[in-house]
Amino acid sequence: MLCRRPAPFPRTGRIVMTFALSLLAISPLAAAERLGLPPSPASTEFVQQRTQFQLHTLLTEQRHPKTWNLSDVAAADPAQALAQLFAVDEDVARAFTALADDPQRMASLQAASAAVQRALQGGHRIYFYGTGSTGRLAETLESGLWRPFWKRLQADPVWPDIAAKLPAQLGERVRGQITGGDRALISSLEGFEDLPLIGALQMRDDGIGADDVVFAVTEGGETSAVIGTALAAADPRGDGGDRVWFVYNNPDAVLRPFERSRRVLDDARIHKIALPTGPQAITGSTRMQATTTSLYALGLVLEDVLRVLLLPHLPAADARRLGLDANDSIERRLRDFAQLQRSVAASAPQLAQWTVREAQTYADGRHATYLAGETLMPVFVDVTERAPTFRLAPLDRTDTAPPASWIRVWAPVATPQAAWDALLQRPFHGLDAAQYRVQFEQKVDDPGLRTTALRSLERAGAEQQALYDLSWSSANRERLPPQAGDLGVLLRYAGEPVDDLARQWWQSLANAGTGRLSVTVGHGASTQVLEDLGDSAPRIAVDLPDRPDPLGLDRTLALKMLLNAHSTAVMARLGRTVGNTMTAVQPGNLKLIGRATYLVQSHVNAVLAGEHWRAQHGNTAPLDYAEANRVLYEAIEQRTRLPQAAQLPEVELAIVAVLERLDSGRPLDWAGAVQQLRDIGLNGYLRQRNGATDIKAGNTDGRH
């Protein structure tokens with residue numbers, strides 16, 4: 001067991017418990033004495049001045065009971081771990097049913113659809129903006145769903161008959177933007193998300209005007225850059241009509257203590273779409289259920305728009321071929337999600353073979369390569385989001401030597417430019433440093449945030465495109481050839497053919513003795529003939545319900561949920577989670593410092609409250625938030641001082657160091673904490689602290 005799990009208690013009980021524990025908090029002087037560590041200036045500032053980034057009260061930051069001991073389950077039974085992860089997606093299905101049952105909330109989604117319809121019919125644009133996971137969501141809506149649909153339609157025989165009846169350039173009128181520009185799709189650019197200013201600047205950079213419709217999307221409901229977008233888009237002259245929409249995944253009640261969130265919630269010019277689903281499968285990892293919820297809901301808005309725009313001009317047979325059904329509605333499609341979720345969850349037993357193989361590939365020091373054609377956007381998004389969630393190296397640049405990333409994702413095209421075109425369906429857009437630098441220098445008052453943002457700005461320009469090759473190019477074949485012990489995975493949708501380059505790649509894996517596996521998702525996937533690959537490599541087929549899906553939203557969401565569960569189970573199996581908490585989190589911005597602090601506090605206090613500790617030490621006052629933050633900042637410093645600590649997460653170092661201090665009374669021993677983590681890992685250490693006898697020696701991931 002990871003730790004003694006407390007009995008469940010309701011939300012009000014958690015509030016009372018938190019207040020009760022606060023009464024036990026010891027004074028700063030006593031805290032310094034029992035830890036032997038006075039607070040650093042940085043820690044004092046964060047605890048006292050950065051309360052707006054202490055977000056552990058958010059519902060999305062709580063631990064989900066269904067995945068409480070995920071790391072233990074993943075190590076013993078990966079199929080069961082996958083089943084647990086898919087079970088959390090049931091929360092999304094229940095949230096959608098509740099939404100469909102609520103006339104007032106349904107009216108908001110329908111009003112959003114009507115606003116988009118009016119804007120497009122009037123020749124205006126639709127703008128989706130987000131940070132991190134919601135930024136990738138925004139770009140998925142544009143580049144993974146909207147633009148591909150219009151390219152398919154323009155290649156359809158019906159297009160010449162209807163083109164003149166539609167508003168001009170509809171395929172170009174939806175824009176998805178991530179904080180930091182397209183370079184941020186690969187890895188975060190620190191300092192940007194904490195700036196309301198950048199949201200306003202990017203919106204202006206994208207040419208979004210007073211008649212365009214803006215969706216500002218934030219999982220937590222508190223992201224500064226997204227809030228800056230919503231406030232900047234709101235019409236200063238009045239109520240703003242129905243132009244600006246704020247989409248978020250936490251209840252209003254838990255957001256109101258945060259001033260920046262409250263500003264949006266209380267602004268009548270900004271319409272709200274609240275989509276709370278509950279805790280995430282991995283604590284705080286909103287790339288999972290929160291983003292699934294928002295992507296599906298907003299995708300249904302665009303799907304509804306297509307029905308209104310196109311059905312009056314299409315014969316019934318053509319409409320069916322294009323996936324459009326006049327009987328569909330947002331409400332009906334929300335209720336359909338439960339069946340989609342069940343179809344994906346049913347794949348857990350066969351998916352487990354992939355999870356085991358990929359985890360073993362990394363444990364052996366080898367690499368995985370994913371090849372994705374039509375599936376490129378959801379595959380790329382999942383791969384890039386693994387890095388910040390599990391403290392992995394981001395995708396390698398072409399000049400990274402030796403390669404640092406565990407994984408590669410390639411498109412079956414021959415050049416880097418063709419790969420970017422396949423992913424974005426439009427030109428790459430970077431931030432012009434000359435345009436943004438002056439604004440940062442003049443309008444960002446916080447010196448630390450200003451410095452960090454200016455540093456990130458140097459890595460956000462259009463020139464960054466040339467530093468990444470996502471193709472099966474001759475350069476990649478020479479630089480990163482397939483090798484024995486590696487794993488190659490071909491991912492495609494049902495009905496998607498295997499083109500010549502994909503077939504050549506597949507054969508090159510066989511010639512090199514590389515492990516191979518194919519994954520097919522969609523209606524009819526299990527019956528799709530794969531003999532054209534010419535061998536009997538393992539195949540995973542995930543069948544989906546047969547129903548109208550014009551944008552490919554169902555298959556995109558299904559593949560997203562599948563990949564999220566698979567990659568999470570892989571990393572849990574490798575010890576990159578403790579239970580269902582991401583203790584490897586890198587505290588690179590204010591929100592993540594707050595999350596890391598709470599992880600230190602909660603794991604230490606779980607041990608202090610456990611029977612084994614109390615049998616040895618009696619009752620020990622719980623670690624308070626300020627103490628946890630103090631130790632976290634010291635762990636950050638120690639990683640720069642101790643070469644052997646450089647590859648270990650700050651959260652894990654802090655947990656071990658403080659527990660050893662409270663156990664022995666000796667000074668904080670950072671070298672000793674490093675050794676403990678290298679010997680048995682944090683999962684093993686916490687089992688030991690909780691009296692378990694099955695301590696596993698060695699680090700499970702083999703790559704620290």
Residue pair [X] / [Y], side-chain heavy-atom distance below 4.5 Å:
{"X": "T131", "Y": "T218", "result": "no"}
{"X": "V413", "Y": "W420", "result": "no"}
{"X": "L423", "Y": "S143", "result": "no"}
{"X": "N249", "Y": "S294", "result": "yes"}
{"X": "F192", "Y": "F440", "result": "yes"}
{"X": "V489", "Y": "L371", "result": "no"}
{"X": "Q280", "Y": "V88", "result": "no"}
{"X": "L109", "Y": "L99", "result": "yes"}

Ionic contact status for [Y] with [X], cut-off 4.0 Å:
{"X": "K272", "Y": "D252", "result": "no"}
{"X": "E374", "Y": "R152", "result": "no"}
{"X": "E172", "Y": "R125", "result": "no"}
{"X": "E303", "Y": "R333", "result": "yes"}
{"X": "R335", "Y": "D101", "result": "yes"}
{"X": "E385", "Y": "K560", "result": "no"}
{"X": "R426", "Y": "D182", "result": "yes"}

Would you check, one step at a time, whether the test side-chain contact (heavy atoms from CB on, under 4.5 Å) holds for T229 with Y127? CA-CA 10 Å; T229 301; Y127 185 64; 4.3 Å; yes
Just checking, any donor-acceptor pair under 3.5 angstrom between side chains of [X] and [Y]?
{"X": "Q417", "Y": "D421", "answer": "yes"}
{"X": "E219", "Y": "T286", "answer": "yes"}
{"X": "D382", "Y": "S567", "answer": "yes"}
{"X": "Y436", "Y": "D205", "answer": "yes"}
{"X": "S343", "Y": "Q341", "answer": "no"}

Keeping the roles fixed (side chain from [X], backbone from [Y]), state whether a donor-acceptor pair exists under 3.5 Å.
{"X": "N250", "Y": "G220", "result": "yes"}
{"X": "N589", "Y": "E190", "result": "no"}
{"X": "S285", "Y": "A281", "result": "no"}
{"X": "Q202", "Y": "I178", "result": "yes"}
{"X": "R183", "Y": "Q465", "result": "no"}
{"X": "S261", "Y": "G221", "result": "yes"}
{"X": "T384", "Y": "S187", "result": "no"}
{"X": "T223", "Y": "V226", "result": "no"}
{"X": "W472", "Y": "W410", "result": "no"}
{"X": "D206", "Y": "I208", "result": "no"}

Could you walk me through whether K591 and E193 pass the salt bridge (Lys or Arg N to Asp or Glu O under 4.0 Å) check? CA-CA 9 Å; K591 178 178 180 177; E193 79 167 53; 5.3 Å; no
R547: which of L340, D328, D325 passes side chain to side chain contact (heavy atoms under 4.5 Å, CB included):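 The option that passes is L340.
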Can you spot which of R287, Q289, M288 makes a side chain to side chain contact (heavy atoms under 4.5 Å, CB included) with I282?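 Answer after filtering R287, Q289, M288: M288.
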Run the numbers on D91 and R94 for side-chain contact (heavy atoms from CB on, under 4.5 Å), then give the verdict. CA-CA 5 Å; D91 294 354; R94 282 191 291 270; 2.4 Å; yes
From CA spacing to verdict: side-chain contact (heavy atoms from CB on, under 4.5 Å), F258, L58: CA-CA 10 Å; F258 303 100; L58 298 184; 3.8 Å; yes
Please confirm whether R555 makes a cation-pi placement over Y493, using NZ or CZ under 6.0 Å from the six-membered ring centre and within 45° of the ring normal.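 Because its charged atom sits under 6.0 Å from the ring centre and within 45° of the axis, R555 does stack over Y493.
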I need the [X] [atom1] to [Y] [atom2] distance, nearest 0.5 Å.
{"X": "L551", "Y": "L306", "atom1": "CG", "atom2": "CG", "answer": "5.0 Å"}
{"X": "Q464", "Y": "L431", "atom1": "CD", "atom2": "CG", "answer": "10.0 Å"}
{"X": "F149", "Y": "D549", "atom1": "CZ", "atom2": "CG", "answer": "11.0 Å"}
{"X": "L141", "Y": "T134", "atom1": "CG", "atom2": "OG1", "answer": "10.5 Å"}
{"X": "R118", "Y": "D242", "atom1": "CZ", "atom2": "CG", "answer": "4.5 Å"}
{"X": "R260", "Y": "S224", "atom1": "CZ", "atom2": "OG", "answer": "4.5 Å"}

Applying side-chain contact (heavy atoms from CB on, under 4.5 Å) to V214 and F246, what does each step give before you reach the verdict? CA-CA 8 Å; V214 174; F246 188 66; over 6 Å; no
Heavy-atom neighbours of R263 CZ exceed 12 at 6.0 Å: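 Not more than 12 within 6.0 Å, no.
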Checking ring-ring contact (aromatic ring centres under 6.0 Å, His included) for the pair Y129/F215: CA distance, chi angles, key distance, verdict? CA-CA 6 Å; Y129 184 85; F215 290 88; over 10 Å; no
Smallest separation among heavy atoms of [X] and [Y], with atom names:
{"X": "L197", "Y": "K443", "value": "CD2-CB, 3.9 Å"}
{"X": "E496", "Y": "R492", "value": "O-NH1, 2.8 Å"}
{"X": "A419", "Y": "L376", "value": "O-CD2, 4.1 Å"}
{"X": "L189", "Y": "A460", "value": "CD1-CB, 3.7 Å"}
{"X": "S133", "Y": "T291", "value": "CB-OG1, 3.6 Å"}
{"X": "L563", "Y": "P378", "value": "CD1-O, 3.7 Å"}

